[in-house]
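In what follows, a structure is listed as C-alpha cells, so that the remarks can point back to it.
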2 protein chains.
Amino acid sequence: MDSDGGDAKLVDVARLAGCSPATVSRVLNGNPTVGRSVRDRVRQAAAELGYVPNGSARALRSTRTRLVGAIIPTLDHAIYATMVDGLQGRLAEKDVSLIINTSVYDLDLELDQARLLAERGAESIVLVGTRHKPQTLALLEHKRIAYVFTYTCAPTATGAAIGFDNEKAGRTAARFLIDLGHRRLAMIAGITQDNDRAEGRLAGFRDEVARSGLDPAAVPVIEAAYAFGNGRSGMRTLMTAAEPPTAVFCGSDILAAGAIKYCQEERIAVPGDVSILGFDNLEIAELTVPELSTLEVPARDMGRHAADYILASPLQRRHLRQRELPIRLIVRGSTGPAPKRR
Amino acid sequence: MDSDGGDAKLVDVARLAGCSPATVSRVLNGNPTVGRSVRDRVRQAAAELGYVPNGSARALRSTRTRLVGAIIPTLDHAIYATMVDGLQGRLAEKDVSLIINTSVYDLDLELDQARLLAERGAESIVLVGTRHKPQTLALLEHKRIAYVFTYTCAPTATGAAIGFDNEKAGRTAARFLIDLGHRRLAMIAGITQDNDRAEGRLAGFRDEVARSGLDPAAVPVIEAAYAFGNGRSGMRTLMTAAEPPTAVFCGSDILAAGAIKYCQEERIAVPGDVSILGFDNLEIAELTVPELSTLEVPARDMGRHAADYILASPLQRRHLRQRELPIRLIVRGSTGPAPKRR
DNA sequence: TTGTAGGCGTTATCAC
DNA sequence: GTGATAACGCCTACAA
C-alpha cells in the first residue's frame with residue numbers, strides 16, 4: 001500500500017519481517033511448520049509492502065501454473081458463453097485462472113491457439129467437440145496437457161469428454177416429430193464441415209427417419225451458420241419448395257427463431273401449418289411467438305463438470321473421464337400434430 | 001513430434017542445431033542478426049523436437065507476459081460476452097492472451113480477481129464501469145498495470161475509458177418517448193447499487209423528464225436484475241397500478257423482452273396501449289413481437305477499441321485514453337405515439 | 001554473426 | 001521451526 005518503488009519481492013518481505021526468504025515462501029504457501037509469531041510478522045510485512053507474488057517465477061520453479069485454457073468457437077453464441085461462464089466460475093473458486101481463445105470454427109487457428117496455451121503453461125485445456133487436427137491432440141499429449149472435450153461424450157484414449165450424445169439428440173428430435181404424425185420432415189442444420197456436433201445431430205435425425213420407414217434422402221437439409229437471418233432464409237427456401245415440410249428441426253434455437261420469424265411474416269401458422277423444433281433451450285426460446293419447443297443442452301453444467309474434472313486429482317479423474325449429461329425435450333408451443341393432408 | 005521425454009528446452013534445440021542457446025533464443029525472437037543457414041537449422045531442430053518455449057521463464061526474464069486480464073460481471077449476458085469476444089479476437093491477432101474473470105457484480109470479488117491477475121502478470125486489465133473499490137485501482141496503480149474502463153467514457157487520472165455516456169443515453173430515451181407525446185413514463189432499470197451504468201441511465205432519464213417540465217418523482221422506477229422474468233414481473237407491477245404508464249424504458253433488452261411478453265399475455269397492445277423501449281440492441285430485439293425499439297450499445301467495438309488501447313505504445317495511448325462511442329436509437333415496432341387520453 | 005555468463009523471483013532440498 | 005543454497009528455463013549484456 002505504500003507508494004514505494006514498484007513491486008516488493010519475497011526478499012523484501014523477508015527483510016521487513018526479519019526472517020529468511022524461505023520462511024516467507026513457506027508462510028505464503030500455507031506450510032504449517034512455521035511458528036505463529038513469525039507467520040504473523042510475515043503476513044504483516046507482506047501487507048505493508050503491498051507484496052504480490054510473481055506468478056512467473058513461481059510457475060518456473062514449481063512447474064505449477066494454476067492456469068487453464070479453453071478454445072471455443074465463439075463467445076457470441078450464448079451456448080458457449082454460458083458454458084465458459086460455468087467453467088470459469090468453478091475454476092475461480094480454486095484460484096485457477098482461465099485463458100480463453102475463440103477459434104471461429106477454424107481448426108488451424110485452434111492449433112495455433114493450443115500451441116500458445118501450451119507456451120503459457122496451461123495445465124489443462126477445454127475443447128469443444130471431438131473434431132480437431134491430429135497435431136493439436138499430439139501437441140497436448142506431447143506436453144502432457146490434460147484436455148477435455150465438451151458437447152460430446154466420446155473420450156479419446158487420453159482425453160476426457162463431458163457432454164451429450166448429439167446423434168441421440170438428433171434421433172430424439174426426429175422421433176418426437178414423427179410421433180406427432182409428421183411425415184414430411186426437414187432440417188436446418190449448422191454447418192457440418194469440421195463440426196461433429198452439427199454433423200451428429202443431422203446423422204441422428206436422418207437415422208431415425210430411416211428407421212421409421214421414411215426416406216432420409218427425401219428430407220431436405222439446409223446447412224447454415226448459426227445466425228438468426230439464416231434461419232429465416234432457410235425457412236423460406238423450405239417453405240417455398242414444391243412440397244413444403246410440415247415439421248422442421250433446427251440445429252439451434254437461433255436458427256429456429258429465425259424460422260419462426262419467417263413464418264410469422266408470411267402468415268404461416270406455427271404449429272398449425274408447420275411445426276418447428278429448436279435446439280439448445282436458450283433464453284430466446286421463451287421469447288418467440290409461439291414459444292419454442294426445443295432440446296435443452298446443459299451448457300452451464302458442462303462447464304462446471306469440465307472444471308470438476310480439471311480440478312480433480314489424477315486418481316479421481318478416472319471416474320470423471322466420461323460423462324454423458326441428459327438432454328431434455330422441452331415441449332412448448334411451436335410443435336403440434338401434423339396438419340391433415342389436403 | 002518425437003515421442004521422447006516430455007519437453008525439450010532451449011538448450012536441447014541448441015545442441016541439435018549445433019549452436020549456442022543464445023542463438024536459438026535470437027532466432028525464436030526474430031532477431032535479424034542471425035545468419036540464414038543457422039536460422040534454418042534452428043527452426044528445423046525446434047520443429048523436430050516439438051519445442052515449445054516456456055512462457056514462465058520467458059516472462060520472468062523479460063518482464064513481459066503478453067497477458068491481459070478482463071473482469072466482467074458475467075458472460076451470461078450477451079452484452080458482455082460480445083464485448084469480450086471482440087477484445088479477445090483483437091488481442092489474439094497479436095498473440096496476446098486473455099484471462100477472464102467474472103465478478104457477478106461483486107466489487108469485493110473483483111478486488112480478489114484483480115490481485116490474482118496482478119500475480120499472473122497481466123500487463124493490462126479491462127474493467128466494466130467506473131465504480132470499483134479504491135483498493136482495486138490502488139493495486140493496479142501500484143503494480144503499474146494499465147487499466148481500461150468500458151461501458152463508460154469517464155477516465156481516471158491514470159486509467160482509460162472506452163464506451164459511451166450512460167446518462168446521455170438515458171436522456172435520449174426520455175426525449176424520444178416524450179417527443180412521441182408520452183407523459184406518463186416509467187422505467188424498469190437494472191440494479192443501480194454498485195452499478196454506475198444502470199445508475200447513469202436512470203439519472204439521465206429522470207433528468208430529461210424533469211427538463212421537460214414533468215415531475216421525475218412521479219415516474220415509477222423498478223429495479224431488477226437483468227433477467228427475462230424480472231422484466232415480466234416488473235411490467236405487471238407497473239401496469240396494474242392505479243395510473244399505468246404509457247411508455248416504459250427498460251435498462252436492457254432482456255427486461256424489455258420480458259415486459260413485452262407480459263403485455264402479450266395480458267393482451268395489452270404494444271405500442272397501442274403502452275410503448276416499450278429497450279437498451280443494448282441484442283439479437284433478441286428482432287425476435288419480440290412487435291420488434292423492439294432500443295438503444296444500440298457498441299459492445300463488440302468497445303472490446304476492439306479496448307484491445308487497440310492495450311496494444312498501443314505508451315505514446316499512442318495518450319490519444320486513445322478516452323473514447324466515446326456513439327449509441328444509436330433504433331426505432332422498431334414497440335414504440336409509438338402516446339394513446340389519446342380517455 | 002555468434003558464444004559465454006549471470007541473473008530474473010521463487011521454491012525445494014538440505015542442513016542446523 | 002528456520003536458514004542457506006541451488007536450481008527452474010530463458011534473455012541479454014558483453015565479449016569474441
Side-chain angles (χ1 to χ4, degrees), chain A residues 5-43 45-46 49-67 95 116 118-123 143-144, chain B residues 5-43 45-46 49-67 95 116 118-123 143-144:
Chain A
D7 22 34
K9 335 186 220 175
L10 199 71
V11 221
D12 302 321
V13 178
R15 189 154 32 226
L16 185 58
C19 66
S20 77
T23 299
V24 175
S25 173
R26 282 191 269 259
V27 172
L28 266 37
N29 290 298
N31 185 324
T33 74
V34 180
R36 172 165 291 289
S37 69
V38 192
R39 190 165 55 218
D40 288 346
R41 278 205 329 273
V42 169
R43 290 247 165 77
L49 294 171
Y51 170 73
V52 176
N54 180 320
S56 300
R58 188 184 283 217
L60 177 58
R61 184 55 235 233
S62 66
T63 65
R64 308 215 45 242
T65 57
R66 302 190 75 73
L67 227 45
D95 276 9
L116 190 55
E119 207 169 312
R120 301 256 184 260
E123 297 179 315
K143 301 292 292 181
R144 293 201 194 77
Chain B
D7 20 36
K9 334 184 219 179
L10 200 67
V11 221
D12 302 321
V13 178
R15 191 154 30 224
L16 184 58
C19 66
S20 77
T23 299
V24 176
S25 173
R26 284 190 268 258
V27 173
L28 267 36
N29 291 300
N31 186 322
T33 74
V34 180
R36 171 167 291 286
S37 68
V38 194
R39 190 166 54 216
D40 289 345
R41 274 198 342 265
V42 168
R43 290 249 163 77
L49 294 171
Y51 170 74
V52 176
N54 180 320
S56 300
R58 188 185 284 217
L60 177 58
R61 183 56 233 244
S62 66
T63 66
R64 308 216 49 240
T65 57
R66 302 190 76 72
L67 228 43
D95 276 10
L116 190 55
E119 206 170 311
R120 301 257 183 260
E123 295 175 351
K143 301 291 292 180
R144 294 201 194 78

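Numbered from 1 within each chain, the chains take letters A, B, ... in sequence-line order. Worth knowing before you read on, the calculation uses all heavy atoms, side chains too, and leaves out hydrogens, waters and symmetry mates. This is a predicted model, so every value here is computed, not measured.
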task: Determine whether A:Arg58 and A:Arg64 make a side-chain contact, defined as any pair of heavy atoms from C-beta on separated by less than 4.5 Å.
output: no
- line: Within residues 27-36 of chain A, those residues having any heavy atom closer than 4.0 Å to DNA chain C are A:Asn29
- prompt: Which value, rounded to the nearest 0.5 Å, describes the distance between B:Arg61 atom CZ and B:Ser56 atom OG?
  reply: 15.5 Å
field: Polar pair under 3.5 Å, donor/acceptor by atom type, side chain A:Arg61, base C:dT11
entry: yes
Which side-chain N or O atoms in residues 30-37 of chain B pair as donor and acceptor under 3.5 Å with protein atoms at least two apart or in another chain?
residue: B:Asn31; atom: OD1; partner: B:Thr33; partner atom: N; Å: 3.0
residue: B:Asn31; atom: OD1; partner: B:Thr33; partner atom: OG1; Å: 3.0

message: Going 5' to 3' along DNA chain D, which are the first and last nucleotides with any atom under 4.0 Å from a heavy atom of chain B?
response: D:dG9 to D:dT12
A:Arg43: partners by side chain to side chain contact (heavy atoms under 4.5 Å, CB included), with sequence neighbours left out: A:Val27, A:Arg39
- prompt: Could you give the angle between the helix axes at the two ends of the helix from C:dT1-D:dA16 to C:dC16-D:dG1, with five pairs per end, rounded to 10 degrees?
  reply: 30°
query: Among all residues two or more places apart in sequence or in another chain, which pass the side chain to side chain contact (heavy atoms under 4.5 Å, CB included) test with A:Thr63?
result: none
- prompt: Does a salt bridge link B:Lys9 with B:Asp12, judged by any charged N lying under 4.0 Å from a carboxylate O?
  reply: no
query: Nearest-Å distance, CZ (B:Arg15) to P (C:dG3)?
result: 14 Å
- request: Can you tell me the distance, in whole Å, between the CG atom of A:Asp7 and the C1' atom of C:dT10?
  value: 14 Å
message: If I take atom NZ in residue A:Lys9 and atom P in nucleotide C:dG7, what distance separates them, rounded to the nearest angstrom?
response: 12 Å
Nucleotide C:dC8, atom C1' - distance to CG of A:Leu10 in whole Å: 13 Å
query: For A:Tyr51 and C:dT10, is the shortest distance between a side-chain N/O and OP1 or OP2 below 4.0 Å?
result: yes
